[in-house]
Structures are given as structure tokens and as C-alpha cells.
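Values below: all heavy atoms of this structure, side chains included; hydrogens, waters and symmetry mates excluded. Here is how names work: the chains are called A, B, and so on, in the same order as the sequence lines, proteins then strands, and each is numbered from 1. Since we're looking at a predicted model, the values are computed, not measured.
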Amino acid sequence: MAVKYTIPRGTFDILPDKSYTWNYIKKIFIQTVTEFGYKEIVTPIFEQADLFERNVGDTSDIVQKEMYKFKDNKQRTFALRPEGTAPVVRSYVENNMQANGGLQRLYYIGPMFRYDRPQKGRYRQFYQYGVEAIGSNHPYVDAEVIAIQYTFLKRLGLKGIVLELNSLGNKASTDRYNKALVDYYEPQKHELCGDCITRLEKNPRRLLDCKVPACNAISEKAPLMIDYLDEECREHFEAVQSYLKAMDIEYSINPRIVRGLDYYTYTAFEFLNNELGAQNAIGGGGRYNGLVEQVGGKDSPGVGFAAGLERLILSLEQEGLFMGDEYKPDVYAVILGDQSLLKGAEIMQKLRAKGVIVEFDPLKLSMKAQMKNANKVNAKYALIIGENEIETNQFILKNLTDSTQVSLTESDLINNFID
RNA sequence: GUGGCUGUAGCUCAGCUGGCAGAGUACUUGAUUGUGGCUCAAGAUGUCGCGGGUUCAAGUCCCGUCAGCCACCCCA
């Protein structure tokens, strides 16, 4: 077989034998966020590239190196969305959701795109689910957003995922801290690895979790963000923690958390599964108090998280957890001969109108092949429709679990079908 | 973007220092005329990822390329 067209690198098809798992996970997620009062928002998968770049206010790799950018027929520059928050904020501003007053609680699920080398748990088109709560700076909301992800993971039965928490502080704190980091590393610059020397110029915070032993040793004594928070930031961070405790959510503080996008302020958090290999972040998020204004709205605080479906599924597989059931047919129609199929089609349609799942395969001709198939697709019953049955109006319904069978008239069959 | 490993039947994989393309499983049919699962028997199945090179001869060696995996980087 010559395969003429192949799937683009780093993407994947979700085939029928997996799609029920996706639907199951989505169902539990929607159930969870609904309990917290969140409503779905759907935005396009492409946006003006500048929404993400914000005139290159964002220096992250996600935006600088990994965006799928393209020009349309009128030479306007768009980008496939690499993340979900900026589009939601754009929609919030554009639709003037601020005018509704109060807190907007939103959730989304959909594909994101990043041009990166594929590996386990990393794809070019991948699926994220997430929530955004825009309009309140109250630390309870930070905790609520964390609680949603926490509740969802627990509900799926996951045990091996840990929550790490940090505070990045406000702009003033961050500036002071970055300066302190540079002051600390600069004199020892000659001992750092090549990557770390660029980090020192570009994003000093990333120095903290370099894995090269020499850098790591230096980082151990580096100043920590927590010590550079001002009074307000510290109070906010402590309040978030007390709400988490009140909701019985386990966490640990990791002062080295750095998020992948530049807009985060105050609370930052990550959910990690350390059994997954290099790509161990299931999801993360934090507060983005300056973003709404950057996108052109009236200054308005927000907090949210996003997480990856693929890594979630890897975690479920790894812990051997339930991932949903495939639909199984209630009835497999065993139809003998084309003449009988006329009646068969009529009966199948009437059963379906009653909500019964009915399957039939016109490729299987012999009765034996049809019975075999009924077994293979895990049907609960086989319904035999042949010339004899049609003539006598007595249709055979065979229970495939206990091998018992009964004869029923057409109307009894349709009106009294009990699963 | 960098480095390493891999690519053979629908699936999982074997195939030695180059010499007829294989197994298990799934599939089809039969044993059983209109009754599935178990068993037994028979049968069908390949651009050996793709392109080039070396050779009398390439799945096997060489080069390139594409894809997957693993790690770096980055992050979901």
C-alpha cells in the first residue's frame, strides 16, 4: 500500500478506539468546571499574530520561536494560537464583558499549536483545557482556579500529581528581584554554561532551574523571589494559601517556578507528574493582572490555568485508571438475505427511535459470520430477522451473555424492549 | 534548533559475517445447510518508510530524506 498523504509532523489522529477516552475526560472536566460556575467560551484557532506578540512585549520562546505565523491572501499576519489565555482576554475585551460587571468565569477546551521538535508528551498540535477568571484580584479566585484543576485530577483518580506554588509578585517586586538575580550571577558568569549566559541577559529567572551541575550549585544560593515580595504581594500569597488549606488542597512552595509566558504576576503554579519523563508538566497557570490592559481593555485583573490533555491521558495510562467505556450496541441485527433486509431496516429504525443502539453489517453474509460479529462488537443481544421470522411475526432475540433466546412479535419487540 | 536510537504483514516483532520475505496475533473459509465465544484445519496478506549509491546479488552495507521514540532546549 503506497501511502500518498501523511499526517503533518507532531500531530496525531484520534481514532475511534481512543475517542471515547477523550470524550470521557472532557465530560468530567465540564462537569467539574460547571460545579464551580464556569461557562464555555470558544475562540478561533487563529488570531492576529500581534495579539500574542503584543509588539514583542513577550519574550518567551512560545511566542518568539514556536509560533505558526502566516500571512493570509491580503497579507495580514496571523498566528495559530499557541495558548488559550490571550484569545480569551481578547474576546473579553472585544465583547466588552467588563460591562457586565463582576467576575467572568470562563472555560475552554481546544487545540493549540507550537512549532517544536516532537517527543513524548509534546506535539505541534495539542489539546488544552483551561479556565480564566477575569475581573477580580481577590486571592480566593486564585485558590478557586487551582481548586478546579485539583478537583478534576482527583475525580479522575490521579494520585501521582503534585501541586507546586509560587508568587511572582507585582511588576515592582519582579523588577527588584530580576536586578538582584543579575547582581548575584554576574560576578560568577564565567562559571555558567552557555545557555545560562544567554538566560542571564534574556530571562534571569530561568537560571534557577538549569540542570548543569555547576550552574545548579550556584543557583542553590541565589536570591529567591519570595524574599523580594512587597507587603501587598506577600499578603496576597498568604491569603491564597489559607484558602487552599481551607479547601484541603495539598501543595508545596517552589520558589523556582517560572512560567512560559511573560504576562504572569502574583500567583504562579504548576501541576507536575514526575513519572512522565522530560515533559512532566500536566498544567499550570497563575495571575495575569496586566494582560487585559495590554490587550486594550480597561485594566482588569485575571487568573487562570491551562493543562494538556495528552499528558493527562499519559498519566491516566500510567496509573492504570479508568478512561471511559466505548459504546456497545444493545442489539446486533442478524439479517438473513436481502429480502429480509427490507423488514430489517424497518425494525432497526423503529428500535433506534426508542433509543436502542442497533448495529448491522451488510458485509457479513452468513448467519455464522453475523453471529460472530455480534460477539466481536460486544452486543448485548442478537436479533434474528429471516424469512421464517417475518412470515410468522416471531423474531428471535438472543441474549449473548447467557445464550438464552426468546421469540417476540414485532410490536412486542419494539414496545417492550428492555435493556 | 542540537544529539542518540528506531522504521519489515492490520497489530507486536524475528530475519546472523549480503544469497528464495518469516512467526505470533488479527482476518477469510471450513469442520457445524439458520446460532457467537472454545478447539482443530486450510487460505489470503508486503513498494522491507521513501530516494539514490556499492554489489553478480541489498530487508541486511553506504549517503540522503521523511517519520517515530529518547534526551537537550522549551513546556502542555
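OP1 or OP2 of B:C74 has at least one side-chain nitrogen or oxygen of A:Arg199 nearer than 4.0 Å. Taking side-chain N and O atoms only, A:Lys364 has a distance below 4.0 Å to OP1 or OP2 of B:U28. The side chain of A:Arg9 places an N or O atom within less than 4.0 Å of a non-bridging phosphate oxygen (OP1 or OP2) of B:G68. Between A:Lys368 and B:U35, a side-chain N or O to OP1/OP2 separation shorter than 4.0 Å is absent. Contact annotation: A:Gln370 does not reach the phosphate of B:U35 (side-chain N/O to OP1 or OP2, under 4.0 Å). Between A:Arg259 and the phosphate of B:A76, there is a side-chain N or O to OP1/OP2 separation shorter than 4.0 Å.
If you take CG of A:Asp402 and P of B:G36, they are 16 Å apart, rounded to a whole angstrom. A straight line from CZ of A:Arg205 to P of B:C75 spans 13 Å, rounded to a whole angstrom. When rounded to the nearest whole Å, the span between CZ of A:Phe395 and C1' of B:G34 equals 15 Å. Note: CG (A:Asp17) to P (B:C11) measures 12 Å, nearest angstrom. In this entry the distance linking CG of A:Asp116 with P of B:C75 reads 10 Å, nearest Å. Taking atom CG of A:Leu163 as the reference point, atom C1' of B:A76 lies 16 Å away to the nearest angstrom. What separates OH of A:Tyr123 from C1' of B:C70 is a distance of 13 Å, to the nearest Å.
Ionic pairing of A:Glu389 and A:Lys343 is not present here: no N-O contact between side-chain nitrogen and carboxylate oxygen is shorter than 4.0 angstrom. For the pair A:Arg117 and A:Glu66, the salt-bridge criterion is not met [side-chain N within less than 4.0 Å of a carboxylate O]. Note on A:Lys171 versus A:Asp175: salt bridge recorded, some NZ/NE/NH1/NH2 to OD/OE distance being below 4.0 Å.
Separation of the A:Phe152 and A:Tyr129 ring centroids falls under the 6.0 Å cut-off.
A cation-pi contact, defined as under 6.0 Å to the ring centre and within 45° of the axis, links A:Lys154 to A:Tyr150. For the pair A:Arg81 and A:Phe46, the cation-pi test (distance below 6.0 Å, angle within 45°) is failed. Cation-pi geometry between A:Arg176 and A:Tyr228 is not met: the NZ or CZ atom fails to fall both under 6.0 Å from the ring centre and inside 45° of the normal.
A donor-acceptor contact under 3.5 angstrom links the side-chain atoms of A:Arg117 to the base of B:G3. A donor N or O paired with an acceptor N or O is found under 3.5 Å between the base of B:C74 and the side-chain atoms of A:Arg122. Remark: the A:Ser366 side chain and the B:G34 base include no donor-acceptor N/O pair separated by less than 3.5 Å. Between the side chain of A:Asn388 and the base of B:G34 there is at least one donor-acceptor pair of N/O atoms closer than 3.5 Å.
A:Ile62 comes within contact range of the sugar-phosphate backbone alone, with a heavy-atom separation under 4.0 Å but no base atom that close. When heavy atoms are screened at a 4.0 angstrom cut-off, A:Glu389 is found touching base atoms of the nucleic acid. Within 4.0 Å of A:Gly277, counting heavy atoms only, lie sugar-phosphate atoms of the nucleic acid but no base atom. The residue A:Lys398 sits close to a base: some heavy atom pair falls under 4.0 Å. Backbone-only contact: A:Gly10 has heavy atoms under 4.0 Å from sugar-phosphate atoms and none from a base. Using a 4.0 Å heavy-atom criterion, one finds that A:Ile282 contacts the sugar-phosphate atoms exclusively. Base engagement by A:Ala278 is indicated by at least one non-hydrogen atom pair under 4.0 Å involving a base atom. Counting non-hydrogen atoms under 4.0 angstrom, A:Tyr332 reaches nothing in the nucleic acid.
A:Tyr266 and A:Asn289 form no side-chain donor-acceptor contact under 3.5 Å, judged by distance and modelled atom types alone.
To the nearest whole angstrom, the two P atoms, one in B:A14 and one in B:G7, are 8 Å apart. With both ends at atom C1', the span from B:C13 to B:U54 equals 30 Å, rounded to whole Å. Annotation: B:U12 and B:C70 have their P atoms spaced 15 Å apart (nearest Å). Taking the C1' atoms as reference points, B:C75 lies 48 Å from B:U28, given to the whole Å. Here, B:G46 and B:G59 have their P atoms 16 Å apart, quoted to the whole Å. Using atom P as the reference point in both B:C16 and B:C11, the two lie 22 Å apart (nearest Å). Rounded to whole Å, the separation between the C1' atoms of B:G18 and B:U55 comes to 9 Å. Spacing between B:A76 and B:U17 at atom C1', rounded to whole Å, works out to 48 Å.
The nucleotide B:G1 finds its pairing partner in B:C72, both defining distances of the Watson-Crick or G-U wobble pair being shorter than 3.5 Å. Remark: B:A67 base-pairs with B:U6. Criterion, Watson-Crick or G-U wobble with two distances under 3.5 Å. Under the Watson-Crick and G-U wobble criteria, each requiring two contacts below 3.5 Å, nucleotide B:A41 is paired to B:U29. Across all strands shown, B:U60 remains unpaired; no Watson-Crick or G-U wobble contact has both distances below 3.5 Å. B:C16: no Watson-Crick or G-U partner with both key distances under 3.5 Å is found in any strand.
Listed nucleotides: B:C75, B:G36, B:U35. Nearest to the side chain of A:Leu400: B:G36. Comparing B:C73, B:C70, B:G34 against the side chain of A:Lys65 picks out B:C73 as the nearest. For A:Asn375, the side-chain atoms get nearest to B:G37 when compared with the rest of B:G37, B:A71, B:A76. Comparing B:C75, B:C70, B:C69 by their nearest atom to the side chain of A:Asn280 picks out B:C75. Out of B:C72, B:A76, B:C75, the shortest distance to the side chain of A:Gln128 is found at B:A76.
Here the side chain of A:Asp412 pairs no donor or acceptor atom with the backbone of A:Leu408 at under 3.5 angstrom.
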